[in-house]
2 protein chains.
Amino acid sequence: MRNDSGHGAADALATIPEIADLPDEIRAELKTICRIRRFAQGQLVTEVGDTNEMVGYVIDGILRMQKTLPDGRQHVVGLLVAGDMFGRVYDGPSPFAIEAAADSEVCVFQRARFEALLARFPELDRLVLLHFLTELDRARDWMVVLATPKVRGRLAGFLLMLCTRYRNVGHLFGDADGRLTIRIPIGRPDLAHLLGARPESVSRAFHALADDGILEILRPDLVAIRSIEDLAEEAGEPELGDGLTVETLAQAAGGAGR
Amino acid sequence: MRNDSGHGAADALATIPEIADLPDEIRAELKTICRIRRFAQGQLVTEVGDTNEMVGYVIDGILRMQKTLPDGRQHVVGLLVAGDMFGRVYDGPSPFAIEAAADSEVCVFQRARFEALLARFPELDRLVLLHFLTELDRARDWMVVLATPKVRGRLAGFLLMLCTRYRNVGHLFGDADGRLTIRIPIGRPDLAHLLGARPESVSRAFHALADDGILEILRPDLVAIRSIEDLAEEAGEPELGDGLTVETLAQAAGGAGR
DNA sequence: CAACGGCATTGATCTCGCTCAAGGTGGCGA
DNA sequence: TCGCCACCTTGAGCGAGATCAATGCCGTTG
């Protein structure tokens with residue numbers, strides 16, 4: 001549970017494709033003001049009214065953004081994975097807290113310094129804008145999923161979303177006997193809250209999908225998908241986009257069942 | 001239903017406070033490349049795979065962003081009001097369509113030209129970034145609202161959201177006998193779809209809230225709020241933020257019952 | 001090692017909201 | 001002007017999901 005700088009910041013930042021593509025000059029500047037921090041599962045990265053304003057990139061692991069409700073429960077409003085950015089450039093403190101959903105590694109910048117870099121390098125600025133646009137699209141997809149009337153459909157939409165918008169995350173996908181496996185990064189209570197349901201209903205929905213042969217429950221937090229098409233059917237999703245199949249994702253996972 | 005340039009673009013853009021605050025030089029440049037368009041209620045502003053890529057600002061009226069489902073129904077994923085920006089700078093075509101929810105006036109820019117301006121003027125760039133951050137926060141608030149288990153709570157959350165995130169929109173608020181009135185910018189079928197429910201359930205939820213004295217239904221699309229605190233209670237919202245009361249909003253509306 | 005607490009699951013019951021159906025209203029075009 | 005159609009509303013019945021409750025499991029703590 002060490003919480004301080006691990007290995008050098010240089011290679012960590014270069015893990016993110018978009019950043020690796022930046023000119024050397026910008027990368028060098030970023031390196032000088034960034035600080036690598038590790039967070040163990042359950043640790044808070046940012047609190048709600050955090051005055052210690054920072055922005056950052058996720059290097060590895062999974063974070064979740066959440067709103068704290070008056071009854072003390074946490075409401076998840078999004079997941080952050082490797083390559084995602086968080087923080088509010090040019091604006092006030094974030095209304096959401098960020099917590100590590102798994103052991104994670106992030107690269108944080110002091111906000112003012114990062115903003116100074118944005119002003120100097122249009123390429124970086126453009127990158128940040130694109131990241132927020134991506135997040136916005138994700139959030140809107142979440143909305144479509146959440147507005148599905150039945151819990152079964154919402155759960156299917158959630159799983160489908162992991163396969164599409166979060167597909168580049170090695171941690172989530174695996175390959176068991178040629179079937180695609182997905183690790184579910186949050187527990188039943190939080191998932192239930194995210195989907196607007198109760199833990200019992202989520203559990204029943206999982207097993208209902210399993211009974212219909214859509215998926216297989218290997219562990220509470222690990223399921224195997226039989227067919228993405230069936231999943232999309234359940235979710236009522238219009239199109240799958242590109243060539244997205246169980247095989248594609250399983251191959252990308254590279255056989256590490258984890 | 002005229003669909004072409006109405007009055008001069010100059011004063012139209014200056015309607016938006018953030019833009020009015022920009023240096024004269026930038027405003028002048030914006031003016032030269034912008035084009036005012038009016039859309040009648042129900043008209044499409046942008047289609048899904050629109051190749052005619054544009055970005056724009058809403059001058060007046062209300063637009064809704066929606067995803068078209070395979071069954072032909074439209075799924076609303078957000079509302080755009082005066083001062084909001086739409087379009088995807090630096091990125092591919094939007095996965096969502098935009099339609100006028102009321103007679104509206106927008107200011108559109110050809111994307112490439114607008115991007116050129118972004119590159120030249122950091123202030124404008126910063127403004128755009130802030131707009132997207134606002135949209136992102138809105139989308140996340142939508143998520144919290146949508147994840148409320150009961151329709152009553154989701155409807156209360158929706159109304160509360162109109163009072164908070166969309167508060168600066170003159171069209172929506174009015175003052176009837178000292179009570180705050182809210183105009184609901186979309187019809188029951190769309191509202192139902194947005195809230196993940198059926199029109200009948202939404203109607204019942206409205207009247208259930210009315211029976212409990214939380215609000216009063218003046219017209220199907222016009223309700224009077226008795227107490228914002230009660231509304232927040234119903235929605236299960238943590239905090240109201242700042243000094244947000246029925247009186248504050250009614251005063252801001254300026255007594256135009258409309 | 002034992003006790004505890006949180007999580008996942010399953011069952012039973014009851015409420016809520018979906019479904020189908022009908023009637024009332026307003027706007028729009030013939 | 002009349003007729004049409006979309007919308008809003010209300011009613012009745014049924015299914016899905018919330019609720020309450022109990023069990024087994026695991027990781028942690030004393």
Side-chain angles (χ1 to χ4, degrees), chain A residues 1 40-43 64 71-74 76 99 101-103 146-158 183-212 215-223 234-236, chain B residues 1 40-43 64 71-74 76 99 101-103 146-158 183-212 215-223 234-236:
Chain A
M1 201 189 286
Q41 180 177 339
Q43 264 191 310
R64 58 184 191 201
D71 58 11
R73 288 211 57 83
Q74 309 284 59
V76 180
E99 183 182 320
D103 292 359
L146 285 177
T148 303
K150 299 193 227 202
V151 176
R152 250 184 91 134
R154 292 204 292 277
L155 178 57
F158 167 78
R183 239 177 53 79
I184 292 141
I186 56 180
R188 293 284 189 278
D190 280 331
L191 182 54
H193 222 254
L194 173 62
L195 297 181
R198 302 287 140 190
E200 301 94 322
S201 299
V202 172
S203 181
R204 283 187 244 266
F206 264 116
H207 288 271
L209 288 178
D211 288 346
D212 289 2
L215 53 79
E216 202 172 335
I217 303 173
L218 306 179
R219 285 203 316 262
D221 65 334
L222 188 73
V223 298
E234 281 290 331
Chain B
M1 199 192 279
Q41 181 175 338
Q43 264 191 311
R64 60 184 187 199
D71 58 11
R73 287 210 59 82
Q74 310 285 58
V76 180
E99 183 182 320
D103 291 358
L146 285 177
T148 303
K150 299 193 226 198
V151 176
R152 249 184 94 133
R154 291 205 292 277
L155 178 58
F158 168 79
R183 237 178 52 79
I184 292 141
I186 56 180
R188 294 284 188 280
D190 280 332
L191 181 55
H193 222 252
L194 174 62
L195 297 181
R198 302 287 140 191
E200 301 95 322
S201 299
V202 173
S203 180
R204 282 187 245 267
F206 264 115
H207 288 271
L209 289 177
D211 289 345
D212 289 5
L215 53 81
E216 201 171 337
I217 303 174
L218 306 179
R219 284 203 317 261
D221 65 334
L222 189 72
V223 298
E234 282 290 330

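Chain naming here is simple, since letters A, B, ... match the order of the sequence lines and numbering starts at 1 in each.
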Next on the checklist: Can you confirm whether B:L146 sits close enough to A:R154 that some side-chain heavy atom of one is under 4.5 Å from a side-chain heavy atom of the other?
Outcome noted: no
Item to check | d(CZ, B:R198; P, D:dG15) in whole Å | outcome: 17 Å
Item to check | Interatomic distance, A:R154 CZ vs D:dA16 C1' [rounded to whole Å] | outcome: 11 Å
Checklist entry - Roughly, in whole Å, what's the span from CD1 in B:I184 to C1' in D:dC7? => result 14 Å
Checklist entry - Side-chain donor or acceptor of B:E200 under 3.5 Å from a matching atom on the base of C:dC20? => result yes
Checklist entry - Taking C-beta and beyond as the side chain, do A:V151 and A:L195 meet within less than 4.5 Å on heavy atoms? => result no
Checklist entry - Between atom CZ in B:R152 and atom P in C:dC18, what is the gap in whole Å? => result 15 Å
Next on the checklist: Just to be sure I understand the rule, does B:A205 reach a base, reach only the sugar-phosphate, or reach nothing, if contact means heavy atoms closer than 4.0 Å?
Outcome noted: nothing
Checklist entry - At under 4.0 Å between heavy atoms, what does B:G196 touch on the DNA or RNA strands: base, sugar-phosphate, or nothing? => result sugar-phosphate
Next on the checklist: Without decimals, in angstroms, what is the distance between A:R219 CZ and D:dC26 P?
Outcome noted: 12 Å
Checklist outcome for this item: Output for pair (B:R204 CZ, B:R198 CZ), nearest 0.5 Å, gives 13.0 Å
Checklist entry - Nearest-Å distance, CG (A:L222) to C1' (C:dA8)? => result 15 Å
Next on the checklist: Could you tell me how far apart A:D221 (CG) and D:dC25 (C1') are, to the nearest whole angstrom?
Outcome noted: 14 Å
Item to check | Steps toward side-chain contact (heavy atoms from CB on, under 4.5 Å) verdict (B:H193, B:V76) | outcome: CA-CA 7 Å; B:H193 222 252; B:V76 180; over 6 Å; no
Next on the checklist: If you assign each of A:K150 and A:G187 to its closest nucleotide in DNA chain C, which residue comes earlier from the 5' end?
Outcome noted: A:G187
Checklist entry - With a 4.5 Å limit on heavy-atom distance, are the side chains of B:F206 and B:I184 in contact? => result yes
Item to check | Residue whose nearest DNA chain C nucleotide is more 5′ - B:V151 or A:H207 | outcome: A:H207
Next on the checklist: D:dT10, OP1 or OP2 - any side-chain N/O from B:R204 closer than 4.0 Å?
Outcome noted: no
Checklist entry - Using a cut-off of 4.0 Å on non-hydrogen atoms, how would the nucleic acid contact of B:G153 be classed: base, sugar-phosphate, or nothing? => result nothing
Checklist entry - Is B:S201 near enough to C:dG17 that one of its side-chain N or O atoms lies under 4.0 angstrom from OP1 or OP2? => result no
Checklist entry - Reckon A:R188 has a side-chain N or O less than 4.0 Å from the OP1 or OP2 of C:dT9? => result yes
